[in-house]
Amino acid sequence: MGLKWLVACLVVLSTSSALAHMEHHVSGSMGRECALTKVFQHEGKLSSKAVFLFSGNPVCTYIPRELDEEKIANGEPLKLVFFVPHATIKKESKSAIARLNNETCTQDYCIKVNQVTTPVKGIQFTVSYYPQLHGFEYQSFKSITGDEGVVFNFHNQSLLQQVNVKASTERIRRTAFTELPTVILDFGHGGDDHGFTNGVLLEKEMNRQIGQKVAKLLKKKGYQVCLVREGDESLALDERTARIHACKNAGILISIHTNAAARAEASGIETFCHIPDMFTTHYQQANKDTIGILQEIDSVVFEQSMQLAQAVHKNVLETAKIKNTSVVDRKVKHKVAQLLLGSEMPSILVELGFLTNQEEALLLQKSSYQKDLALGICKGVDAFFNMV
Ligand SMILES: [Zn+2]
């Protein structure tokens, strides 16, 4: 893609001179038209995240400014400014931005998003937080939808200092042998959000039918199941991640989807999970100990997500083969999905077949094939908990 993310952390300039400098800078080939299309907020236990998706090629730059250490030591918030030149705000993201501008500032951190026109057109992010409470990190990634993403992370420093990583991973190990942990199931789409539809088939219906079969089978095996949405309700993504964090004794998260493609021939099963390589850290300001703990937790979660993805993928392919003999293995893939980004436990997203493929769509509507897929997911869950 040739995308270049710039971070000018080393040079301390005032905001205005940095912007003037930028005017010269972005008039070259690097600044391109881009638009802020989506905004998400994920309130996790360890971190809160604000996520911004852009179409086009955004170049998000840290604008260095002098920090008044005395004021910060006296309990005033730390203020950081980031700028995306040439960026505009799409109409559909305006209400989410208004909400972000109003709501986060009632908490102990604050993000203000502003469209500016001088000295160059662009979007300015002003982030403020209390370094005694939060560690801050700015990362970029490529989303599952192909958009470029920017994420501002606010880590809960005091909670991270209390977490004993070894103990929390041991807990997952132990529960595998004593009591079965909670499996969180997310049926992709619902309410006004139909997912894929061709007018006859609705992805949300398919996902729910299969998901309910998975829930039933898991409960039969003794797992606790926590559903992100029970019925056909409209739920914003931020609310879905909030519900995930409200599930008790949460072990793993599985988001169930069916696929669609422009090519009618496309078919098969694919599973997504996150890996550390997908995120590039551009700016970090936090207590070294807590960042170390967070990285350790992340690496365990990423590793277990991969194990879960492989176990579920392998077993779903096997059970799908009973009726879908030439099912295509589209493999375990790594793309950033918002729901997975907002969860703090091992998480995967499964795409169980293509509704745009005539044969696969027919199979997916059959209750017996849905049962096979559900059984595959449960076998994968069992295999995962026997492994960790
Ligand atoms: Zn979907």
Side-chain angles (χ1 to χ4, degrees), residues 37-38 40 42 51 53 55 92 141-147 149 183-215 227-241 243-244 252-264 266-274 278 305 308-309 312-313 316-317 320 324 327-343 347-358 360-365 369-370 373-374 376-377 380:
T37 54
K38 285 204 172 93
F40 302 107
H42 301 302
V51 185
L53 292 188
S55 61
E92 63 262 33
F141 63 87
K142 194 166 190 66
S143 140
I144 199 166
T145 52
D147 295 320
V183 178
I184 305 169
L185 291 180
D186 169 65
F187 310 156
H189 315 285
D192 301 337
D193 166 22
H194 296 170
F196 169 79
T197 180
N198 57 8
V200 185
L201 286 175
L202 294 173
E203 186 199 334
K204 62 170 188 176
E205 288 296 335
M206 205 60 63
N207 302 343
R208 197 159 46 120
Q209 285 168 16
I210 301 167
Q212 278 166 344
K213 291 182 172 67
V214 177
L227 300 182
V228 175
R229 86 176 104 206
E230 294 270 353
D232 180 25
E233 47 185 322
S234 286
L235 261 190
L237 204 116
D238 318 29
E239 287 174 64
R240 281 157 76 195
T241 49
R243 288 197 183 187
I244 288 169
I252 56 172
L253 164 70
I254 302 176
S255 182
I256 293 167
H257 287 253
T258 37
N259 227 332
R263 279 188 323 118
S267 72
I269 294 168
E270 58 194 13
T271 306
F272 293 90
C273 69
H274 290 177
M278 304 163 80
S305 296
L308 177 64
V312 168
H313 188 77
V316 170
L317 269 182
N324 192 357
V327 62
V328 177
D329 177 2
R330 299 171 66 93
K331 312 280 181 194
V332 171
K333 292 178 176 171
H334 308 295
K335 292 257 178 75
V336 176
Q338 283 308 309
L339 195 77
L340 308 192
L341 184 59
S343 81
S347 317
I348 62 169
L349 186 154
V350 281
E351 291 278 4
L352 294 166
F354 282 74
L355 297 173
T356 40
N357 180 287
Q358 215 177 353
E360 222 161 48
L362 276 176
L363 271 172
L364 283 164
Q365 291 170 77
Y369 185 63
Q370 293 179 354
L373 295 173
I377 292 175

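Note that the numbering runs from 1 along the sequence shown for the chain. Ligands are counted one by one from 1 in listed order, and the atoms in each one are counted from 1 as well.
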message: When you compare the side chain of Val228 with that of Ile184, does any pair of heavy atoms fall below 4.5 Å?
response: yes
- prompt: With sequence neighbours left out, what residues match Lys204 under salt bridge (charged side-chain N to carboxylate O under 4.0 Å, His left out)?
  reply: Asp232
task: Quick one: report the N, O or S atom of His189 that is nearest to the Zn ion (ligand 1).
output: NE2
task: State, to the nearest 10 degrees, the angle whose vertex is the Zn ion (ligand 1) and whose arms point to ND1 of His257 and OE2 of Glu203.
output: 90°
- line: With His189 as partner, the option from Asp186, Asp192, Asp193 fulfilling side chain to side chain donor-acceptor pair (under 3.5 Å) is Asp193
- line: Glu270 meets the salt bridge (charged side-chain N to carboxylate O under 4.0 Å, His left out) criterion, sequence neighbours left out, with Arg330, Lys333
- request: Kindly confirm whether the Zn ion (ligand 1) is within less than 2.8 Å of some N/O/S atom in Glu351?
  value: no
